[in-house]
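The structure appears right after this line, and notes come after that.
Positions are given from 1, in the same order as the sequence printed here. FYI, side chains are in, hydrogens and waters are out, and symmetry mates aren't considered; it's all heavy atoms of this structure.
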Amino acid sequence: SLATSSAQSVSTLSWSHTAAGTDRLGIIDICITPDTVSVSTVEWGSGNTAALVTTAVNADVVEMWRRIAPPASAQTILVNLTSTVTSILGASRNYTGADQTTPLGSPSTSTANSADSSVTVTSASGELVIDTSGFDNDVASTPGAGQTERYDQAPFGTSHRGSDEAGAASVVMSHAMAGAANDWQIIGVSIKPVAGGAAQSFMIFPVRMDAIGHGGIFPGNRVQDKMK
């Protein structure tokens, strides 16, 4: 489905996401231009506050938030910003089979100016590594070997992408851009499975909105890629 609106500037962003499955973990990825603005709060459903995983800042701001056990029903995800922005891009992912006490390992971040973004994440067999990255351009990119791209947004001169990959002791998450060097920032972290299980990914809903409020909801594929 698609939804649009109009405004001179935006300081919030919202969209709908329906989570499903057991031992759920909601992940909210945000990419903001300019780099002087950040996210103040994120809710997955009214009153259900998400927790910040980490932030990476270069020319843009990329943030990852998580919500343990988001409601298994249609909910509004609301992102509140510290100020108005030129553009904001957001995506939400629901994973199942995640540990409900400590669902994530230690996050890793990286920033640079080059043609490829890359971050190394500490993980383990039976876990699932996820990433979110922002590029200060809108060219195409290719995820690294073994990664499955979950969303790819490239409006307004900024790109926002996210992927996942089966865990190992050390996992490199990368995105190769089809063009000259640009500023980028990337976050990677490993999802820990519930005891005796393995994480699966379900529904992904990327959303984008520009400074004059043109936005939309873009349901992604329903995926069930059980970790090996």
Side-chain angles (χ1 to χ4, degrees), residues 15-30 39 41-56 62-79 90-110 118-133 143-144 146-151 161-174 186-206 220-228:
W15 66 94
S16 179
H17 190 136
T18 302
T22 58
D23 298 313
R24 298 178 301 280
L25 175 65
I27 298 293
I28 306 101
D29 303 323
I30 308 296
V39 177
T41 60
V42 175
E43 292 185 1
W44 190 308
S46 179
N48 295 320
T49 304
L52 177 66
V53 177
T54 194
T55 302
V62 168
E63 296 194 4
M64 181 183 288
W65 294 66
R66 58 95 169 150
R67 171 71 174 130
I68 297 174
S73 60
Q75 299 288 322
T76 298
I77 295 175
L78 174 63
V79 178
S92 55
R93 296 181 265 184
N94 176 57
Y95 289 90
T96 64
D99 188 277
Q100 298 293 283
T101 302
T102 309
L104 298 176
S106 298
S108 299
T109 66
S110 184
S118 177
V119 66
T120 301
V121 181
T122 299
S123 182
S125 176
E127 298 185 3
L128 183 71
V129 179
I130 61 175
D131 76 345
T132 181
S133 61
Q147 293 170 229
T148 299
E149 190 171 72
R150 298 305 183 189
Y151 61 87
R161 298 176 173 98
S163 67
D164 53 44
E165 180 177 347
S170 181
V171 177
V172 176
M173 304 295 283
S174 64
I186 187 172
I187 295 169
V189 68
S190 188
I191 299 178
K192 297 182 176 297
V194 66
Q200 302 177 58
S201 56
F202 277 86
M203 297 182 180
I204 304 165
F205 288 84
N221 293 328
R222 187 176 187 271
V223 294
Q224 302 183 53
D225 292 342
K226 187 170 182 179
M227 290 164 40
K228 306 289 185 183

Looking at every non-hydrogen atom in both residues, tell me the closest pair between [X] and [Y] and how far apart they are.
| X | Y | value |
| --- | --- | --- |
| Pro107 | Thr54 | CB-CG2, 3.8 Å |
| Ile187 | Val119 | C-CG1, 4.4 Å |
| Leu128 | Ala166 | CD1-N, 4.1 Å |
| Arg93 | Tyr151 | NE-CE2, 3.9 Å |
| Pro193 | Gly126 | CG-O, 3.2 Å |
| Ala20 | Asn94 | O-ND2, 2.9 Å |

Roughly how far, to the nearest 0.5 Å, is the [atom2] atom of [Y] from the [atom1] atom of [X]?
| X | Y | atom1 | atom2 | result |
| --- | --- | --- | --- | --- |
| Ile28 | Glu43 | CD1 | CD | 10.5 Å |
| Thr132 | Ile30 | OG1 | CD1 | 8.5 Å |
| Thr22 | Gln100 | OG1 | CD | 8.5 Å |
| Leu25 | Lys192 | CG | NZ | 12.5 Å |
| Ser174 | Ile186 | OG | CD1 | 7.0 Å |

Contact between [X] and [Y] at the side-chain level, heavy atoms closer than 4.5 Å - yes or no?
| X | Y | answer |
| --- | --- | --- |
| Ile130 | Val189 | yes |
| Thr76 | Trp15 | no |
| Ser92 | His17 | yes |
| Val53 | Leu104 | yes |

N/O donor-acceptor pairs under 3.5 Å from side chains in residues 64-73, not counting sequence neighbours:
| from | atom 1 | to | atom 2 | distance (Å) |
| --- | --- | --- | --- | --- |
| Trp65 | NE1 | Glu63 | OE1 | 2.9 |
| Arg67 | NH2 | Asn48 | OD1 | 3.2 |
| Ser73 | OG | Gln75 | NE2 | 2.9 |

By side-chain hydrogen bond (donor to acceptor under 3.5 Å, both in side chains) - contacts of Thr122 (at least two apart): none
Apply side-chain hydrogen bond (donor to acceptor under 3.5 Å, both in side chains) to Thr120 and list each qualifying residue two or more places apart in sequence or on a separate chain. none
Side-chain donor-acceptor contact under 3.5 Å, Ser190 with Ser123: yes
Indicate whether any N or O donor in one side chain lies under 3.5 Å from an N or O acceptor in the other, for Tyr95 and Asp164. yes
Donor-acceptor pair, distance only, cut-off 3.5 Å: does the side chain of Ser110 make one with the backbone of Ser118? yes
Listed by chain and number, what are the side chain to side chain contact (heavy atoms under 4.5 Å, CB included) partners of Ala169, not counting sequence neighbours? none
Check side chain to side chain contact (heavy atoms under 4.5 Å, CB included) between Ser163 and all other residues, then give those that pass, not counting sequence neighbours. Asp131, Gln147, Met173, His175
